[in-house]
Amino acid sequence: MFEQEQTSSPLILGVLASGRGSNLQAIIDAIEEGRLEAKIALVLSNKADAFALVRAKNHYISTVFVDPKQYERREDYDDALLKTLQAHQVQVVVLAGYMRLLTEHLVKPFHNRMINIHPSLLPAFPGLHAQRQAIAYGVKLSGCTVHFVDEKMDNGPIIAQTTVPVLDGDTEEDLAGRILVEEHRLLPSVIQRIAEGKLRIDGRRVLHLEKTRFPLEINR
Ligand code: GRF
């Protein structure tokens, strides 16, 4: 059983993002609006042109682009990320649309301190194009999942999930948009729970020390 410590406030975050960064923006907004007791120490990306980096700069947050081409092995790349995160005293790593497989070099040091958001109700539809997979399969409900990260993709203990309906005639974009609204509410809520030390990890199960309906009311 692993009990999350209540961290000194604010919780220091490192955000890894590869793309448009709307989840990063949701975290920034929650912090700026006083709904989330955290500070983003830096935003790291494997893509030089990730819009997430622009969003971070707009809010005077440090950004680092680490070029995968400079590293022969994935492990070396992850070592470089690890050093950067440690240099910024990052306590919790948030994968917010980070489109690169992680090695244990990065996952182990942040065991129980790294979370990911995925646009499906895991364990259904892991991997790429989760929304497309959901429509093709014909499910009537989908949603998003925030989970701790382990060595396998989209696999670690689930912290919280939100559901949305899948409607007749939905395109992939329709469903992605509906899920994204929920992602932006769920992710900051979960980070706030971590900042408050309110989670306990028991094997695959994440227990909430206080009964919580996600997303938290305060994030609405
Ligand atoms: C989100 O749908 C997230 O669930 C997935 O990648 C997407 C990232 O979107 N992991 P954004 O870059 O945060 O806008």
Problem set entry | Counterpart residues, ring-ring contact (aromatic ring centres under 6.0 Å, His included), relative to Y98 (two or more places apart) | none
For this session: Apply ring-ring contact (aromatic ring centres under 6.0 Å, His included) to Y71 and list each qualifying residue two or more places apart in sequence or on a separate chain.
Result: Y77
For this session: Check whether the side chains of H184 and S22 place a donor and an acceptor atom closer than 3.5 Å, and report yes or no.
Result: yes
Exercise. Taking atom types as modelled and ignoring hydrogens, do the side chains of Q161 and T145 form a donor-acceptor contact shorter than 3.5 angstrom?
Worked result: yes
Exercise. Can you name the side chain to side chain donor-acceptor pair (under 3.5 Å) partners of E32, sequence neighbours left out?
Worked result: H59
Problem set entry | side chain to side chain donor-acceptor pair (under 3.5 Å) partners of N23, counting only residues at least two apart | E183
Side chain [X], main chain [Y], donor-acceptor under 3.5 Å:
X    : Y    : value
S18  : M99  : yes
R55  : G21  : yes
R204 : G156 : yes
D78  : T103 : yes
R178 : P165 : yes
T63  : L53  : no

Hydrophobic cluster membership, with links at side-chain heavy-atom distances under 4.5 Å among I/L/V/M/F/W/Y: are [X] and [Y] in one?
X    : Y    : value
V149 : L187 : no
I201 : L11  : yes
V181 : I179 : no
L95  : I115 : no
I117 : I31  : yes

Exercise. Do D76 and R73 meet the salt-bridge criterion of a basic N to acidic O distance under 4.0 Å?
Worked result: yes
Problem set entry | R35 with D29: basic N within carboxylate O range, under 4.0 Å | no
Which atom pair, heavy atoms only, marks the closest approach of [X] to [Y]?
X    : Y    : answer
V206 : P157 : CG2-CB, 3.6 Å
A96  : A17  : O-CB, 3.4 Å
G14  : L85  : CA-CD2, 4.1 Å

Atom [atom1] in [X], atom [atom2] in [Y]: separation rounded to 0.5 Å?
X    : Y    : atom1 : atom2 : result
K47  : D67  : NZ    : CG    : 10.0 Å
R200 : R205 : CZ    : CZ    : 11.5 Å
M114 : L16  : CE    : CG    : 7.0 Å
H88  : K83  : NE2   : NZ    : 15.0 Å
E151 : L106 : CD    : CG    : 10.5 Å
Q131 : D174 : CD    : CG    : 11.5 Å

Problem set entry | L199 and R193: CA distance, side-chain angles, deciding distance, side-chain contact (heavy atoms from CB on, under 4.5 Å) verdict | CA-CA 7 Å; L199 301 181; R193 269 304 183 239; 4.3 Å; yes
Problem set entry | Pairs touching residues 187-207 that satisfy ring-ring contact (aromatic ring centres under 6.0 Å, His included), sequence neighbours left out | none
For this session: Let me see the working for V93 and L13 under side-chain contact (heavy atoms from CB on, under 4.5 Å), right down to the final yes or no.
Result: CA-CA 6 Å; V93 174; L13 305 175; over 6 Å; no
Exercise. Any side-chain heavy-atom pair from V164 and L141 closer than 4.5 angstrom?
Worked result: no
Exercise. Do I61 and I28 touch side chain to side chain, with heavy atoms closer than 4.5 Å?
Worked result: yes
Exercise. Going through the distances and angles, do N46 and L81 end up as a side-chain contact (heavy atoms from CB on, under 4.5 Å)?
Worked result: CA-CA 10 Å; N46 59 324; L81 294 195; over 6 Å; no
Problem set entry | I40: which of V90, V15, I12 passes side chain to side chain contact (heavy atoms under 4.5 Å, CB included) | V15
Exercise. Can you check side-chain contact (heavy atoms from CB on, under 4.5 Å) on R100 and R74, steps first, answer last?
Worked result: CA-CA 10 Å; R100 208 179 138 85; R74 261 172 201 288; 3.9 Å; yes
Enumerate donor-acceptor pairs with a distance under 3.5 Å from any side-chain N or O in residues 120-130 to protein atoms, sequence neighbours excluded.
{"from": "S120", "atom 1": "OG", "to": "H118", "atom 2": "NE2", "distance (Å)": "3.3"}
{"from": "S120", "atom 1": "OG", "to": "A124", "atom 2": "O", "distance (Å)": "2.6"}
{"from": "S120", "atom 1": "OG", "to": "F125", "atom 2": "O", "distance (Å)": "3.2"}
{"from": "H129", "atom 1": "ND1", "to": "R132", "atom 2": "NH2", "distance (Å)": "3.3"}

For this session: Count the heavy atoms of every other residue, nucleotide or ligand shown that sit under 6.0 Å from CZ of F65, and state whether that count exceeds 12.
Result: yes
